Amino acid sequence: MTLGSSAVAAETLEVGVDPELSDAAESSRRHGRTPGQIAWDRLKVDKVAIVCAVIVVFFILIAVLAPLLVKLEGETLNAFHPELINRRNTLPTIGTTAQHWFGVEPRTGRDLFALWAYGAQPSLTIGFLAAVSSTVVGIVMGLLAGYLGGIVDRVISWVIDFFLSLPYLLFVFALVPIVQNRVGGGRILTAEETSSLRFWVLLIILILFGWIGLARLIRGEVFSLREREFVQAAKVIGVPTRQILVKEILPNLVGPIIVSASIAVPGYIAAEATLSFLGAGLVEPTPSWGRTISVASGGNFSAYPLHLWPPVLGVALLVLALSLLGESIRDAFDPTTRR
Amino acid sequence: MRWTHVLAAGAAVSIGVVAACSAPSSTTNGTSDTSTGPVQTAGASLDPNAKGPAPTDPKAKKGGTLTISYATSPSSMDPSAQFYQDSGAIMTRLTMRSLTAFVNRGGKQVLVPDLATDLGQVSSDKLTWTFKLKSGIKYSDGSTMKAADIAYAVKRSFAFTATGPTYQVDYLKGGDKYLGPFKSGDTFAGIEAPDDSTVVFHLAKPWETLPYFTTFTQVSPIPQAKDTKDETYGDKALATGPYMIKSFTQGSELTLVKNPNWDPATDAARTQYLDGYDFKFGTDTIKTQQGILASTGDYGTTLDWDPVDASFADQIGSGGPKAKQFVSGPSSCTITVNMDTRKIPLAVRKALAVAYPYDDLYTASGLTSLSGRPAHTLIPPQIPGWLDYTVPGLTGQGPGDPVKAKAMLAAAGYGPDKPFEIKNYYTNDDPSNIAQTVNQIRKKKLEAAGFKVTDKGVAGKDRRKLIADPNGDYNIGQSPGGWCFDWPSADSIFPPTVSSTQLTSGGTNWGDLQDPKIDAELARIQKLSIAEQGPEWGKFDQWLMTNYLPVLPWYWDRSNILFGTKVHNVINDDNHGSPILDSIWVDQ
């Protein structure tokens, strides 16, 4: 009896104490965690996110270490090897070798590994630079439109609607030569000048069309935030507008911003590849996956598929990994998702 | 004649003109490519006494339809406006007869009378040519042809010189001022028809090769009453040849059926084996060529004259499983690399010739051994009088020798501190990326030889204009990037490419030459008779290249003809780079 009752008591005691203890510990921890930390904790245990992050890091390493890797292979970028081309059908006489890891390009004999490794550089650079820049522009425009309202809002909203009404691809096709001509000062440029100029023109155009979505999102959020008590209170006690925007409103928008930026990166990488594929993107001698795909998908594909596969897999894997990663980040930030 | 094929190269090419002579490679089936086969020479012979009917192939089967499927399309079927390989082959062989015509005799092209009874009679001052016409020639609608119709057609051709040839403008009396019957009226001193069976040409200067020009469709009769006064006349043009147009839709299809009013007894040049021809324009080259190689269904009786895709090269090459379905032969074009002699000194031009990476650029342009043969002279071998000389180092092949070129540049006073600057335009919007990579290779190779290279990227459509401007900011690569002869005599090559008239009239030529010594030499040779001219042109070629080096010969373009297993007797016309269409017959 005693035994039994003491056991029950002990159990009750345990049951009573334990939850209390853990509750206290957990709540003290929870109180100190920002939404960012919660998201980070969630991400750390998300297997998909980790695999994707590894893939992304792999490609970043390829891009950064491209000169080193190509040197290791014993090649240089854009070195032509016509001696490796069969003059009868313009196909390479070799496949993958120790000297040419991915073989060589039909017709010209350029090393395909060098084209692939260096090709990761502009893709990633444009992807991240455009994402960061368009995010910054989007935040600023969204905050201004949403918070100031009135004429500022109307002007910015009009600009947003205007850009949304433009047919994107068509417009880019028309714009690339015009911008290039303007920036180049109307001069006829050499291949190298055109190539480096195209990089920046492409970046500018992607940013130009990239900030709109985020700006609209932020504007809507700010509309509801600016009526909240803490913002009103800050206003009443005379906190300057800039400080309200940066200190009061912006921290509440970190979630949507990070989500939007992380989903934008693969979008820009795909856009760069698409435009280069269609001929409005990067030009020789800057290597580009999109352009290599365009050249390789011609008649020679069945005879020499090695030309096409590396850049296709590169773009596909990188965009897929970044998209899934963006998805995971979105889930991690979203309080309504439970897995 | 103009080139139908868009050369797959930003390489260099904007071609002028093509057409007529002879050389063999005419085994009935499968003269396939041998990459260094001997080039044969052939003389264009004349046979003023040839009579119809033309000899027929005893093995030939009658009937059936041949489908000819290729990637481009003639812009019209107007005989006055046409100056292209494809429409030229269709009209001269099938629908349109002219005063004279070429026939293939054992691989040799022979000039014979066609609508005329002989090859023309020239007056003692060489300024009047008289042609007598055969009697009883009828149009496809049954009406009778008259000499006035030929005179009218020649006048009409002056209205279409923007797309058509311009020889008549240069040579016929008053031709430089006459703008055709629509603008200048019917009065023209250059041609007359004194009666129904006589045509008389009046010339401004002697023209020994006029009987070659009279093979052109611009000399095919057109009854003035039926003329629509624009290129739509070609859609329903009255035929004099063995076939006539049933329907023509620009960009998609041309159907030819037998002409009931064609009398083989009057025609020494053409045969009529098939029931008809079906031309399909703008078709997908790779798909068509795949189908023809497999010869399933209609592809068994299909022919394609597009350049064969490199991926099929192994199948149709000599010894390949499909070698019997392929015929290749010379076209009439010499492709070259042009230099500006006003801006590049001779010593530097010689160094450039040594440094130039012919082979690398050839493969990078996507050209295979089926596409051409390395050229070392400006006159192609099938022209009578061709002189087989070699300027040392000028072989049209090899990877270029940067070390030797550097030494030559140093001897000419150019070194690392003072490099010679090469300027060229290149196409930077070529969707296949070929023009851009070709440019990269050229730049790298020339820089390795010690040149400074300023490559200027422009859109393809702009480049054509820029390189045709004699005051353009370039010193290599101006127009023309090659030349296709119009008839088998070098007088359809040299005056049009090196005389100073091109520059004085605001155009460019080989080397941008404007040299009185060259002009005097051209004038001297042009005064000789056809037979005497031949060897003189050969010597002129060597003299020009040795002393001036205005241009680097690169390759002689070749025709590619691929056909189904049921197609027989396919022979390349070495003067036009197209198959002799009327000699083809099919199994049904």
Side-chain angles (χ1 to χ4, degrees), chain A residues 76-93 105-110 115 173 176-177 180-181 184 187-195 197-198 276-288 290-304, chain B residues 8 33 35 285-286 289-290 308-315 317-318 320 357-371 397 399-400 423-426 428-445 453-459 462-463 466 473-474:
Chain A
T76 46
L77 175 67
N78 286 340
F80 296 95
H81 294 287
E83 71 276 5
L84 297 177
I85 300 299
N86 179 352
R87 294 205 57 191
R88 187 181 186 80
N89 54 17
T90 71
L91 291 176
T93 51
E105 188 181 43
R107 291 202 310 266
T108 64
R110 277 190 288 187
L115 279 182
F173 262 84
V176 165
Q180 180 180 314
N181 196 22
R187 273 187 320 121
I188 294 175
L189 305 168
T190 69
E192 284 73 16
E193 288 170 340
T194 317
S195 193
L197 189 61
R198 270 291 176 92
S276 298
F277 178 86
L278 294 172
L282 298 172
V283 297
E284 294 285 346
T286 307
S288 155
R291 203 181 59 241
T292 308
I293 292 171
S294 146
V295 174
S297 57
N300 281 337
F301 169 67
S302 50
Y304 200 73
Chain B
D33 128 85
S35 57
T285 303
I286 292 178
Q289 295 184 341
Q290 251 162 2
V308 172
D309 191 78
S311 53
F312 305 127
D314 289 336
Q315 294 186 54
S318 56
Y358 304 96
D359 283 357
D360 302 3
L361 298 182
Y362 189 86
T363 40
S365 303
L367 298 165
T368 66
S369 43
L370 302 175
S371 323
Q397 52 188 326
K423 288 190 209 171
N424 70 290
Y425 291 111
Y426 76 96
N428 67 359
D429 63 348
D430 175 10
S432 64
N433 203 39
I434 286 179
Q436 294 92 323
T437 39
V438 163
N439 175 62
Q440 285 291 311
I441 296 179
R442 180 169 43 222
K443 188 171 186 176
K444 279 216 152 136
K445 286 279 186 167
V453 180
T454 306
D455 51 337
K456 293 143 53 110
V458 290
D462 298 332
R463 178 173 168 274
L466 287 165
D473 188 24
Y474 56 75

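Predicted model, so just to flag it, every value in this text is computed and none were measured. Letters A, B, ... are given to chains in the order of the sequence lines, protein chains preceding strands, and every chain is numbered from 1.
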Does any heavy atom of chain A fall under 4.5 Å from the side chain of N439(B), the backbone, both, or neither of them?
side chain
Out of L189(A), I85(A), N86(A), which one racks up the most heavy-atom pairs below 4.5 Å with chain B?
L189(A)
With chain A, which of V308(B), N428(B), T437(B), L466(B) has the greatest number of heavy-atom pairs at distances under 4.5 Å?
T437(B)
Checked V458(B), T454(B), D359(B), D429(B) vs chain A; the most non-hydrogen pairs under 4.5 Å come from D359(B)
Tell me every residue that passes side-chain hydrogen bond (donor to acceptor under 3.5 Å, both in side chains) with T90(A), counting only those two or more places apart in sequence or in another chain.
none
Pair listing, salt bridge (Lys or Arg N to Asp or Glu O under 4.0 Å) test, anchored in residues 279-288 of chain A, at least two apart:
R110(A)-E284(A), E284(A)-R291(A)
Go through the atoms of F312(B) and report whether side chain, backbone, both or neither lie under 4.5 Å from a heavy atom of chain A.
neither
Closest approach of E192(A) and P285(A), non-hydrogen atoms and distance?
OE2-CG, 4.1 Å
Expected output: side-chain Y362(B) to main-chain T368(B) donor-acceptor under 3.5 Å:
yes
Let me know if K456(B) has heavy atoms under 4.5 Å from chain A in its side chain, its backbone, both or neither.
both
Check whether K443(B) gets within reach of chain A through its side chain, its backbone, both or neither, counting any heavy atom under 4.5 Å.
side chain
If you tally heavy-atom pairs under 4.5 Å between each of G109(A), A79(A), A191(A) and chain B, the highest tally belongs to A191(A)
What's the spacing between D455(B) CG and R442(B) CZ if we round to 0.5 Å?
8.5 Å
Please determine whether side-chain contact (heavy atoms from CB on, under 4.5 Å) holds for the pair Q436(B) and V283(A), giving the CA-CA distance in whole Å, both sets of side-chain angles, and the decisive distance to 0.1 Å.
CA-CA 8 Å; Q436(B) 294 92 323; V283(A) 297; 5.6 Å; no
